[in-house]
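It should be emphasised that the depicted structure is a prediction, and the values quoted were computed from it without experimental measurement.
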Amino acid sequence: MRKIHAFQSCSKFFISRTSSTSRSLASQRFLASAAFSRPYTVSSAGRDFTSFFCHNQLWSARSDGLKPSDMTRVRGIAHAVAEPDAVHVTPAGFKEVEVLTPRRLLRIYAQLAKSRLTILVVLTAMSGVALSPLPATVPILLSTAVGTALCSASANTLNQLQEIPYDAQMARTRQRPLVRRAISPLHAAGFAAVTGVAGPAVLWFMASPITACLGAANIVLYAAAYTWLKRKSISNTWVGAVVGGIPPVMGWTACGGKILPSADYPIHLFLPSYFTEAPLDMSMIDNPFGAFALFMLLYSWQFPHFNSLSHFIRGSYAQAGYKMLCVLNPQQNALVALRHSLLLVPICSILFPLSGLTTWAFAITSLVPNAICVRGSWAWWRRCGEKEARTSFQNYLWYLPVMLALMMVHKQGLEWRRWVGMQDEVPSDGADIPKPKV
Ligand SMILES: CC(C)=CCC/C(C)=C/CC/C(C)=C/COP(=O)(O)OP(=O)(O)O
């Protein structure tokens, strides 16, 4: 029988602590809950396999209505993880199961989907729609939002299904529904399957097949590659950054934009008027360089954002046994964040206007938030302290909405000044300006 090592070592730690004769009731209770970790073992034996998926029955036993067979099972389980004479499981060790009302179930689904992360993912996908030069209809807008949210819900549920024993060891994640057994793994797997099929289906039929493929590929990248790599290699952060970079590209493709250049769809560079006499060719504004710029913004943003967050929760990552740069080398972790803070400067000041997504004025205005954030990353790298990491994390929280708002203000071809009545005329180059999105 193969055990999940993280939990095994955790159980051993507590067993050795509790083998003295003066064992407290609290530690007995822990042993009872450690005993219940048994269903998270992988075995060819049918009983253990069933208990992995359907363990909610075990929790439903109430202290007053406990059947003798339940107690036998509890004791048998406990003996397998503890010294035979060390275990005295009392009915008080049981936790009453939550009754799943529709409202509670919805809350659990939202927790499985990591609702706040999913909202952020949907917003970044919407930024791809908003910045695309191609017109978007309301159905495209809604289906991209719903489809992306379903894909993200599936990916996050699959991630949590694999991380139950690890989430159980971190204060930040200990209250997740699968850890506290508010829902069975089988039920959660069903939710992941339904959302994992519905998300790409909505995107395929209502947005575009390429958006659906990106959504499905991102589920696999996050739930399989990234989640597995978290316990294997520090390279997980780079894979996670790719996962976070894909949703705005999904928004871009949902509007009909392509991601690979071809003879019919070439890359076009929008040089500043200082370097070229040629008038602005608005017919070339929809080119694959825009999708690349969007991807790069979200890819690089994640390093200062995530590395600073991981710095001040590195204790729990270490406890759970994750291979994170913040645990193995905090200084290098801050350096990687600083490098990407610096890389965000040319991404905003060269890549975006060069791709035609924004005007060259964005190259100047984006310098202000970039300078503030680089300064914060620099201070964190120099001192490597908690306070500096927190400041950098805060900086990069507001960085994204501020930058996306600035991009909208400077969006190429979007004549804000004409809209607000500050300018009457059509631009002098007579360009065919794409209509604002509905
Ligand atoms: C369309 C689609 C499928 C989008 C998926 C978007 C998505 C799930 C992005 C997550 C990015 C990421 C690396 C988060 C950290 O997860 P973590 O596992 O380190 O977080 P945790 O420690 O809180 O569990």
Side-chain angles (χ1 to χ4, degrees), residues 110-111 113-128 130-131 145 148-149 152 155-156 159 170-173 176 222 226 236-238 240-248 251 293-317 324-326 330 333-345 347-349 352 362 365-410:
Q111 289 168 339
K114 299 187 191 164
S115 54
R116 276 191 294 183
L117 174 61
T118 291
I119 289 170
L120 179 69
V121 167
V122 170
L123 287 177
T124 59
M126 290 300 98
S127 71
L131 285 162
T148 306
S152 177
N156 283 311
N159 164 273
M170 298 194 284
R172 184 175 61 89
T173 50
R176 286 189 172 165
Y222 181 66
Y226 171 76
N236 67 67
T237 309
W238 280 261
V242 174
V243 173
I246 287 177
L294 282 168
F295 173 83
M296 282 309 296
L297 177 80
L298 264 293
Y299 175 82
S300 269
W301 170 78
Q302 276 171 98
F303 290 92
H305 168 77
F306 180 75
N307 288 22
S308 56
L309 169 72
S310 69
H311 180 88
F312 54 82
I313 58 169
R314 66 192 187 285
S316 57
Y317 275 133
M324 305 300 284
L325 195 56
C326 59
N333 184 50
L335 180 61
V336 170
L338 175 61
R339 274 190 208 136
H340 282 274
S341 297
L342 290 167
L343 186 60
L344 281 164
V345 179
I347 287 174
C348 293
S349 290
F352 266 83
F362 178 68
T365 52
S366 65
L367 285 176
V368 177
N370 268 328
I372 296 169
C373 289
V374 167
R375 193 166 166 261
S377 294
W378 175 267
W380 172 36
W381 173 69
R382 285 295 298 274
R383 291 190 205 97
C384 216
E386 303 291 302
K387 191 167 151 271
E388 290 79 14
R390 277 182 199 278
T391 307
S392 190
F393 175 70
Q394 293 294 336
N395 285 350
Y396 280 95
L397 268 188
W398 60 255
Y399 180 91
L400 209 51
V402 166
M403 275 304 181
L404 292 173
L406 266 182
M407 281 173 195
M408 283 310 294
V409 169
H410 296 293

Return the minimal non-hydrogen interatomic distance between [X] and [Y], and the atom names on each side.
X: Y399; Y: N370; answer: OH-OD1, 2.6 Å
X: C326; Y: P330; answer: O-CG, 3.4 Å
X: A379; Y: E388; answer: O-CG, 3.8 Å
X: M403; Y: S366; answer: CE-O, 3.3 Å
X: P247; Y: T124; answer: CB-OG1, 3.5 Å
X: A293; Y: I347; answer: O-CG2, 4.5 Å

So, taking the atom named [atom1] in [X] and the one named [atom2] in [Y], what distance separates them when rounded to the nearest 0.5 Å?
X: M126; Y: L404; atom1: CE; atom2: CG; result: 12.5 Å
X: L367; Y: S349; atom1: CG; atom2: OG; result: 4.0 Å
X: L131; Y: F352; atom1: CG; atom2: CZ; result: 6.5 Å
X: M407; Y: L294; atom1: CE; atom2: CG; result: 7.0 Å
X: H305; Y: S341; atom1: NE2; atom2: OG; result: 12.5 Å

Quick check: do [X] and [Y] have side-chain heavy atoms less than 4.5 Å from each other?
X: W398; Y: I372; result: yes
X: L297; Y: S127; result: no
X: M324; Y: N236; result: yes

Backbone N/O of [Y] and side chain of [X]: donor-acceptor pair under 3.5 Å:
X: N395; Y: C373; result: no
X: T118; Y: S115; result: no
X: N333; Y: L325; result: no

Next on the checklist: I'd like to know whether F312 forms a side chain to side chain contact (heavy atoms under 4.5 Å, CB included) with R390, so could you lay out the CA-CA distance, the side-chain angles of the two residues, the decisive distance to 0.1 Å, and finally the verdict.
Outcome noted: CA-CA 7 Å; F312 54 82; R390 277 182 199 278; 3.7 Å; yes
Item to check | Between S308 and S392: side-chain donor-acceptor atoms closer than 3.5 Å | outcome: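 Looking only at side-chain atoms, S392 and S308 do not form any donor-acceptor pair under 3.5 Å.
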Next on the checklist: For a quick check under 3.5 Å, do Y222 and S152 share a side-chain donor-acceptor pair by atom type?
Outcome noted: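 There is no such pair (donor and acceptor under 3.5 Å, judged by atom type) between the side chains of Y222 and S152.
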Item to check | Stepwise side chain to side chain contact (heavy atoms under 4.5 Å, CB included) test for K114 and N159 | outcome: CA-CA 10 Å; K114 299 187 191 164; N159 164 273; 2.9 Å; yes
Checklist entry - Out of F303, W301, F306, which residue meets the ring pair (Phe, Tyr, Trp, His ring centres under 6.0 Å) rule with H340? => result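 The passing option is F303.
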Checklist entry - Under 30°, 30 to 60°, or over 60°: which ring-plane class applies to W380 and H311, parallel, tilted or perpendicular? => result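 Judged by the thresholds at 30° and 60°, the geometry between W380 and H311 is perpendicular.
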Next on the checklist: Assess the residue pair Y396 and L344 against the criterion (side chain to side chain contact (heavy atoms under 4.5 Å, CB included)); give the C-alpha distance rounded to whole Å, side-chain angles, the decisive distance to 0.1 Å, and a yes or no.
Outcome noted: CA-CA 11 Å; Y396 280 95; L344 281 164; 3.9 Å; yes
Checklist entry - Would the Y299 and W238 ring centres measure less than 6.0 Å apart? => result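 Ring centres of W238 and Y299 not closer than 6.0 Å.
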Item to check | Other residues, nucleotides, ligands: >12 heavy atoms within 6.0 Å of R172 CZ | outcome: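 Above 12, so yes.
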Checklist entry - Checking side chain to side chain contact (heavy atoms under 4.5 Å, CB included) for the pair R314/E386: CA distance, chi angles, key distance, verdict? => result CA-CA 11 Å; R314 66 192 187 285; E386 303 291 302; 2.8 Å; yes
